Amino acid sequence: MAQVSLQDIRKIYPNGHEAVIPTSFDISDGEFVVLVGPSGCGKSTLLRMIAGLEEITEGSLSIGARRVNDVDPADRDIAMVFQNYALYPHMTVRKNIGYGLKNRKTPPEEIDAKVREAAKMLNLTDYLDRKPSQLSGGQRQRVAMGRAVVRNPALFLFDEPLSNLDAKLRHQMRIEIKALQRRLGVTSIYVTHDQVEAMTMADRIIVLNEGRIEQIGTPAEIYHSPASTFVASFMGAPPMNLINARLEGGHVMINGSTALAPAEGTGTITIGIRPEDVELSPEGSLSFQVDIVEELGAHRLLHGRLADQSFTIHVGKDTPVAAGATHIKLNAEAMRLFDAQTGKAL
Ligand code: ADP
């Protein structure tokens, strides 16, 4: 188990591309941290630098008390789980799980005991003599997890481990991985482009955008208090509504109607509000045009326009709704204000 510390870590690829702009953060012992962001934001590059698979251009990386910039991947006391599982097709599950230990010249009895223990934990006991081709996608992913677990590393690194699974299996494996991590207490860094994985698995989320950290926080902080419009629109499905508004005379105005008061300042701003923080109300000061009702069983989403900008509302399954004009109220406490130019939270 270990703490991980990145100080001003930077990555410039040989072609001159700066994939990671100097970045610092600390991860506590036992913490599960998810690096999330759109494709190309630099999350794999960061993870691969931590793993030692990619050279660190500048900055300092420590795992535990040790600076590991120049330490070989094999000597960093980490175990990595990849998207493509990286299993050996000609080896049985037993051999795949124990492979890393055999390489380290662990005595055979010890390998056997550790493999059995991991297999039990991962529900693979009945499959130990099968080859990977005779397993389902979820089982293969568990074998890859088993191989990481038997190493008893200081740090788990996950690189989009669930991307190849279908939606239902992804949901199940999310819970399994999280439960396993809790049980073992191993510090973990998990890379994904899927904001749902980030929200549901992380103790803390690091949102990356174009090689830069947009925000670090707990899932609740990231969801309710996004540091920027980028985070507001990347995290949450559907995303936070973002609407152009004006600050004037102590009010936030949308299209001439008061959306929030009192409010300080003047000029153009962007307001953010989650779909579930909006209420249909005949007394509401804002007009909302419902274009499409999306039926989701437990609730409904109303997609439409507020002041000619797209806007979505979340309503309960029993709320009577129909396409057309209506009125809404925004929950003032849940409203977030952003600088219209920089997109940063005010
Ligand atoms: P992510 O994992 O978030 O999708 P990556 O870390 O793989 O993003 O890549 C970050 C950026 O660095 C991207 O613009 C990508 O094209 C670029 N990149 C990745 N690997 C290399 C490389 N070996 N040489 C040059 N540029 C690279």
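It should be emphasised that the depicted structure is a prediction, and the values quoted were computed from it without experimental measurement. For ligands, and for the atoms within them, numbers begin at 1 and follow the listed sequence.
For ligand 1, the polar-atom distance check finds an N/O of C41 within less than 3.5 Å of one of the ligand's N/O atoms.
Counting heavy atoms closer than 4.0 Å to ligand 1, residue H17 contributes side-chain atoms (C-beta onward) but none from N, CA, C or O. Both the backbone and the side chain of T45 come within 4.0 Å of ligand 1, counting heavy atoms alone. For P38, every heavy-atom contact with ligand 1 shorter than 4.0 Å involves the backbone, none the side chain.
Between K178 and E197 no salt bridge is recorded (no basic side-chain N to carboxylate O distance below 4.0 Å). Between D203 and R182 a salt bridge is recorded (basic side-chain N to carboxylate O distance below 4.0 Å). Electrostatic pairing of E18 and K11 does not count as a salt bridge here, judged by no charged N lying under 4.0 Å from a carboxylate O. Salt-bridge formation is detected for the pair E31/R204: a Lys NZ or Arg NE/NH1/NH2 atom is positioned less than 4.0 Å from an Asp or Glu carboxylate oxygen.
The shortest contact between atom 22 (C) of ligand 1 and any protein heavy atom is with Y13 CD2, 3.4 Å. Scanning the protein for heavy atoms near atom 13 (C) of ligand 1, the closest one is G40 O, 3.7 Å. Among protein heavy atoms, the minimum distance from atom 2 (O) of ligand 1 is reached at S44 OG, 2.6 Å.
Listed by number with element, the atoms of ligand 1 under 4.0 Å from a non-hydrogen atom of N15 are 25 (C), 26 (N).
A cation-pi geometry, defined here as NZ or CZ lying under 6.0 Å from the six-membered ring centre and within 45° of its normal, holds between R274 and Y223. The side-chain tip of K95 does not point at the ring of Y88 from less than 6.0 angstrom away and within 45° of straight on.
Counting only heavy atoms, the protein never gets under 4.0 Å from atom 16 (O) of ligand 1. Checking atom 19 (C) of ligand 1 against the protein gives a heavy-atom contact under 4.0 Å.
At least one side-chain heavy atom of F311 sits under 4.5 Å from a side-chain heavy atom of V278.
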